[in-house]
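Only one structure is covered here, and it is reproduced in the block below.
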Amino acid sequence: MKKGDTSPFVEYRKAEGKTEDIDVEGIATRVEPFPVEEGLYAAVVGLKGGKVAWLKYDVEGALRYYLWSAQERRGAVEVYDLETKLKDQLVSGVSALRASPDGRYVLVKEENRLRLIDVEKKPDIQSREPGRKSGVLDMSRVKVYVEPEREWRQMFHEAWLLMKENYWRGDLNGVDWDAVYRKYEPLLSRVGTRYELSDLINEMQGELGTSHAYEIVPDFEVDKPYLVGGLGAEFKWDGGCWRVAKIYMGDPSYENEKSPLLAPGVDVREGDCVVAIAGVRLGPGAPPEYALLNRTSDTVAVEVERGGEVKRYVVRTVRDERYIIYRHWVEANRRYIHQRTGGAVGYIHIPDMGPSGYAEFFKSLNAEGDKEAFIIDVRYNRGGHTSGMLILRAAVGIFGKFLTRYFKPFPYPELVLPRKLVLVTNEHAGSDGDIFTYDFKRLKLGPVVGKRTWGGTVGIDTRYKLIDGTIITQPKYAFWTDDVGTGIEGYGVDPDVEVEITPQDYREGRDPQLDKAIELIKGGD
């Protein structure tokens, strides 16, 4: 607005003169919010006839959109009329929005469709068929000619340039980046596949000796042609049949965290002989995985034999058994700690410092927040950005309780850890897992058990993509502290008590790192 103009939300007047005639002085005091409810708004564009459009997103969890996720946040396109002061929804399920220069059209992206909407004539939003009536563009008419050799050369140069402009130090740690380009560029003429280009880019970026220099190619991340359905169990051939060696029990209340063999009405036990799955009789050349080929999230019949009697059960397979196996491991650790400490010590495993780890932390703390001590486990932590928030929950300490007549006391402050703690870490805890381990030691919250952490603390974002959709990252955000500077990068964080898990320990199901943590936390009584 110009000086002296009335707020358009009080009295709307059509602009006169050139739109670039704006009084900059004091403009911050003339900002007026749109009179709409609070929400998540993006991509605000001006339209013809005194209208404004934007994308409004629902408030939802961050997990599905985290880092490498291919999911696009979708929202609804809303149009606000400055003259009538009314708001209307134009279309939903939109991930991107653009307006034409004259403000008459908006182009929206819906899943794999582009729709051009004339704001003066509402199209048939329900139709997905290309045409003027629906506004859906016929993308099958668009033909793209790609010359891989020229495209790969451009991608290589762009990856080099992005690193030059975005690396956290302007001098690139003393590396002559122009010389690096001259070293690798001649090899482009010998690149024959996309895999080889990736190898070349990774070798080039590796010259910096810095963590988090990734190249994530979408074509390499596609599903396998034939996925194997999961039963959440391990099977072993005993020379006569395939026996159920282990059934994974995670958390029955969470989807995909319980073996289908533990479903209601199914009586399959460890040691049972699996005779057939989905009508395929099992044998030495036909393991359970053979019968489950291409049967993900599918209903199958499982025939098992016990004591000479064969029974048939119908179950639904899972697509990914990782969640079941992870939950089984976490709950087994928790039960083991409870058993060894008489239920006095709680357990939290933090798989990453992103949405999953953040949720896992509070899920465990909410369930066991009344424990007098905790073992925190950051082994295999994949990093993220929440260490600063979680370490505060460990640093504050419980110093009070609310007492009631009919319920057990609950701690104050709420959702913080007690003062008696032990941290378990290993060489697979990295990035923000490195930082959390450092924080724990720096604040002297308790002993740290395990192995030296990964040592990668120059963080990234996923802002840039190459022309074929490849995510290319540059180490941008170096972690610095007043005692070691940036020394965690390339080295990691040492434990107070080093404990190795040998191959023999893995074979026998022993966890000496967890045993040492239990010993230390009990010894502090």
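Just so you know, residue 1 is the first one in the sequence shown, and it goes up from there. Below, each value reflects all heavy atoms present in this structure, side chains not excepted, and no hydrogens, waters or symmetry copies.
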(message) To the nearest 0.5 Å, what is the distance between CG on N381 and CD1 on I435?
(response) 10.5 Å
(message) Under the criterion side-chain contact (heavy atoms from CB on, under 4.5 Å), I'd like the reasoning laid out for S297 against R316: C-alpha separation, chi angles, the key distance, then a yes or no.
(response) CA-CA 6 Å; S297 304; R316 186 173 182 81; 4.2 Å; yes
(request) Return yes when atom CD of E37 has more than 12 non-hydrogen atoms of other residues, nucleotides or ligands closer than 6.0 Å, and no otherwise. (result) yes
(request) Could you tell me if the ring centre of Y347 sits under 6.0 Å from that of H338? (result) no
(request) Please tell me if the side chains of L97 and V106 come closer than 4.5 Å, counting only heavy atoms from C-beta onward. (result) yes
(message) So S211 and E489, do their side chains get closer than 4.5 Å, heavy atoms only?
(response) yes
(message) I'd like to check E498 versus K451 (side-chain heavy atoms, cut-off strictly below 4.5 Å). Are they in contact?
(response) yes
(request) Look at D515 together with R340 and state whether they make a salt bridge at an N to O cut-off of under 4.0 Å. (result) yes
(request) Answer whether the closest heavy-atom distance between the side chains of L417 and I376 falls below 4.5 Å. (result) yes
(message) On a heavy-atom basis, which atom in P35 and which in Y80 lie closest, and how many Å separate them?
(response) CG-OH, 3.2 Å
(request) Establish, yes or no, whether the cationic atom of R327 lies under 6.0 Å from the six-membered ring centre of Y248 and within 45° of the ring axis. (result) no
(request) Could you tell me whether I467 atom CD1 has more than 12 heavy atoms of other residues or ligands within 6.0 Å of it? (result) no
(request) Kindly indicate whether the side chain of Y477, heavy atoms from C-beta on, has any atom under 4.5 Å from the side chain of D461. (result) yes
(message) Measuring centre to centre across the rings, with the benzene-like ring taken for any Trp, is Y326 within less than 6.0 Å of H349?
(response) yes
Could you pull out all donor-acceptor pairs under 3.5 Å where a side-chain atom in residues 394-415 meets a protein atom, sequence neighbours excluded?
{"from": "T404", "atom 1": "OG1", "to": "F407", "atom 2": "N", "distance (Å)": "3.1"}
{"from": "T404", "atom 1": "OG1", "to": "F407", "atom 2": "O", "distance (Å)": "2.8"}
{"from": "K408", "atom 1": "NZ", "to": "D370", "atom 2": "OD2", "distance (Å)": "3.3"}

(message) In the structure I gave you, are the side-chain heavy atoms of I518 and I337 within less than 4.5 Å of one another anywhere?
(response) yes
(request) Please tell me if the side chains of W160 and Y184 come closer than 4.5 Å, counting only heavy atoms from C-beta onward. (result) no
